[in-house]
Amino acid sequence: MAEKEQQEYHPATANGYHRSDEEVAGVPSDELRRQKRKKCILYIIIFAIFQIAVITIFSVTVMKVKNPKFRVRSVTFGTFDLQTANSSFNLMMNVEVGVKNTNFGPYKFDNSTIYFYYQDTEVGSASIPKSKANFKSTKKLTVSMDLTSTNVASNSGLGTQLGSGILPLTSRSRLTGKVELMLIMKKKKSVDMDCTMNINTTTRELQDLQCK
């Protein structure tokens with residue numbers, strides 16, 4: 001009886017070689033390996049494309065360094081002495097300036113000076129201390145100065161403008177500094193201020209402020 005059971009059981013062999021499950025299912029093992037290699041290569045290509053896309057987006061957004069903006073924001077006055085008849089003025093002015101940094105790293109700038117002009121004549125200046133504008137923020141600084149018409153020419157038409165209630169001024173300055181990205185890369189950046197404005201001598205307020 002045992003001999004009969006042994007004769008009825010025949011394992012899947014051919015010339016002493018046991019076939020794999022894939023071969024039993026009708027799929028050659030070489031073909032299966034080729035399919036796996038193709039899938040592996042495809043996954044590598046997709047991953048490489050994804051990495052390139054991420055690096056490109058990172059380079060044109062986070063790592064791109066833009067110029068900060070440096071502008072006059074507002075002014076207030078202390079002494080406010082105007083002499084229309086003598087075509088003169090003597091003002092004590094507090095100026096709030098702003099350094100707007102749109103980069104993904106802080107902008108550290110050095111000491112500078114802001115100048116105010118009537119026409120092309122300098123009428124006042126103040127020092128701007130070195131400081132830092134954090135990433136995606138605006139650094140606000142307030143400086144005080146005296147504005148005087150001592151050096152303004154007598155034929156400048158200042159008396160007429162004071163009589164009309166408007167004193168036109170221009171402010172100029174330049175900041176130099178560096179934008180720091182990822183704590184490893186530093187990019188030098190300089191930014192210029194060029195603002196025009198009018199002082200309303202009746203209300204003692206700043207108006208028509210425009211900065212390039």
Side-chain angles (χ1 to χ4, degrees), residues 47-80 89 91-148 151 166-201 203-212:
F47 180 74
I49 293 174
F50 175 76
Q51 289 290 89
I52 293 173
V54 170
I55 293 173
T56 301
I57 294 173
F58 188 77
S59 299
V60 300
T61 55
V62 176
M63 300 302 290
K64 184 178 181 180
V65 180
K66 302 176 183 178
N67 284 327
K69 295 179 180 180
F70 181 33
R71 297 178 175 179
V72 171
R73 293 174 57 88
S74 63
V75 302
T76 57
F77 297 97
T79 302
F80 202 91
F89 60 83
L91 312 177
M92 197 286 286
M93 187 167 66
N94 301 307
V95 185
E96 182 185 88
V97 298
V99 183
K100 184 177 181 180
N101 178 26
T102 59
N103 294 292
F104 285 90
Y107 175 59
K108 299 179 180 179
F109 52 90
D110 300 325
N111 297 327
S112 185
T113 305
I114 182 172
Y115 300 92
F116 276 78
Y117 299 87
Y118 170 76
Q119 295 181 358
D120 292 327
T121 302
E122 181 184 331
V123 294
S125 64
S127 297
I128 297 176
K130 66 178 181 179
S131 188
K132 177 178 71 173
N134 292 321
F135 72 96
K136 293 291 182 179
S137 66
T138 299
K139 177 65 176 180
K140 301 175 184 177
L141 300 167
T142 300
V143 295
S144 299
M145 69 183 73
D146 292 322
L147 299 183
T148 177
N151 296 324
I166 295 296
L167 175 60
L169 296 174
T170 300
S171 66
R172 298 191 186 101
S173 186
R174 181 179 179 84
L175 291 181
T176 57
K178 296 179 180 179
V179 175
E180 185 178 283
L181 295 175
M182 307 300 290
L183 301 177
I184 54 174
M185 189 179 82
K186 293 183 180 180
K187 182 77 172 181
K188 290 183 178 181
K189 282 293 179 180
S190 297
V191 55
D192 294 318
M193 172 195 287
D194 189 357
C195 299
T196 59
M197 66 205 77
N198 291 324
I199 296 176
N200 188 313
T201 60
T203 62
R204 300 187 180 186
E205 294 178 348
L206 184 70
Q207 63 186 39
D208 304 323
L209 174 62
Q210 294 183 347
C211 295
K212 299 179 181 179

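In this chain, residues are counted from 1 in sequence order. Only heavy atoms go into these numbers, but all of them, side chains included; no hydrogens, no water, no symmetry mates.
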Original post:
Tell me, which pairs form a salt bridge (Lys or Arg N to Asp or Glu O under 4.0 Å) where one or both residues lie in residues 107-119, sequence neighbours left out?
Top reply: none
Looking at every non-hydrogen atom in both residues, tell me the closest pair between [X] and [Y] and how far apart they are.
X    : Y    : value
C195 : L209 : CB-CD1, 4.2 Å
K130 : F109 : CB-O, 3.1 Å
F104 : F135 : C-CB, 3.6 Å
E122 : N151 : O-ND2, 4.3 Å

Original post:
Given V123 and Y117, is the side chain to side chain contact (heavy atoms under 4.5 Å, CB included) satisfied, shown in steps?
Top reply: CA-CA 5 Å; V123 294; Y117 299 87; 5.7 Å; no
Check whether any side-chain heavy atom of [X] lies under 4.5 Å from a side-chain heavy atom of [Y], and answer yes or no.
X    : Y    : result
S173 : Y115 : no
V191 : V99  : no
M92  : F77  : no
T142 : V95  : no
R73  : K140 : yes
N103 : E180 : no
V65  : L181 : yes
I128 : L141 : yes

Are the side chain of [X] and the backbone N or O of [Y] linked by a donor-acceptor pair below 3.5 Å?
X    : Y    : result
S125 : I114 : no
N134 : S137 : no
Y107 : K189 : yes
K100 : P68  : no
D194 : K212 : no

Distance check, rounded to the nearest 0.5 Å: [X] atom [atom1] versus [Y] atom [atom2]?
X    : Y    : atom1 : atom2 : value
M93  : I199 : CE    : CD1   : 5.5 Å
L169 : D208 : CG    : CG    : 12.0 Å
R174 : T176 : CZ    : OG1   : 7.5 Å
F116 : L147 : CZ    : CG    : 7.0 Å
K69  : N101 : NZ    : CG    : 11.5 Å
K178 : M185 : NZ    : CE    : 12.5 Å

Subject >> Check: N200/E205 side-chain N/O donor and acceptor closer than 3.5 Å >> reply: no
Original post:
Cut-off 3.5 Å, side chains only: do N94 and S144 have a donor facing an acceptor?
Top reply: yes
Original post:
Would you find more than 12 non-hydrogen atoms of other residues, nucleotides or ligands less than 6.0 Å from K136 atom NZ?
Top reply: yes
Subject >> CZ/F80: more than 12 non-hydrogen atoms of other groups inside 6.0 Å >> reply: yes
Original post:
M193 and S171: side chain to side chain contact (heavy atoms under 4.5 Å, CB included), yes or no, with the steps?
Top reply: CA-CA 7 Å; M193 172 195 287; S171 66; 3.4 Å; yes
**OP:** List for me each residue that meets salt bridge (charged side-chain N to carboxylate O under 4.0 Å, His left out) alongside R204, sequence neighbours excluded, and say none if there are none.
**Re:** none
